[in-house]
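In what follows, a single structure is set out as structure tokens and then discussed.
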Amino acid sequence: MDKSQLPQEKRQRCEVWTRVMGYHRPVSEFNPGKQSEHHDRVHFVESAIPDLDRICGCGK
């Protein structure tokens, strides 16, 4: 089911937490400036290096 087809009364708000200064806090408790900074962050996805053994000989 597409999220646009889900009735509004069945949806629920998702609370986003992030790690700040060594502990976790919900983003909703940040001040407006910190919320804006969190929104501007760029997230990355780490991908595996294909055939690492061939590149560095680590598996030999």
Side-chain angles (χ1 to χ4, degrees):
M1 176 183 274
D2 187 288
K3 69 179 179 181
S4 63
Q5 297 174 347
L6 191 63
Q8 187 65 29
E9 62 273 4
K10 292 195 177 215
R11 297 177 71 188
Q12 71 180 46
R13 191 164 188 83
C14 176
E15 185 172 50
V16 178
W17 285 60
T18 187
R19 184 176 166 272
V20 179
M21 300 297 289
Y23 59 97
H24 293 85
R25 288 190 60 196
V27 174
S28 62
E29 291 185 11
F30 287 177
N31 64 44
K34 185 59 89 172
Q35 285 184 3
S36 177
E37 178 186 316
H38 181 267
H39 179 72
D40 292 342
R41 290 180 186 171
V42 177
H43 298 274
F44 70 95
V45 176
E46 187 175 2
S47 58
I49 299 173
D51 202 6
L52 183 60
D53 292 338
R54 183 182 59 78
I55 295 170
C56 70
C58 300
K60 294 181 180 178

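The distance from the CD atom of Gln35 to the NE2 atom of His39 is 11.0 Å, given to the nearest 0.5 Å. From Glu15, atom CD reaches atom CZ of Arg13 across 9.5 Å, with rounding to the nearest 0.5 Å.
Heavy atoms from other residues, nucleotides or ligands lying under 6.0 Å from CD of Glu46 number 12 at most.
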Check: residues 19-31 side-chain donor-acceptor pairs under 3.5 Å, at least two apart:
{"residue": "Arg25", "atom": "NH2", "partner": "Glu29", "partner atom": "O", "Å": "3.1"}
{"residue": "Asn31", "atom": "OD1", "partner": "Gly33", "partner atom": "N", "Å": "3.0"}
{"residue": "Asn31", "atom": "OD1", "partner": "Lys34", "partner atom": "N", "Å": "2.8"}

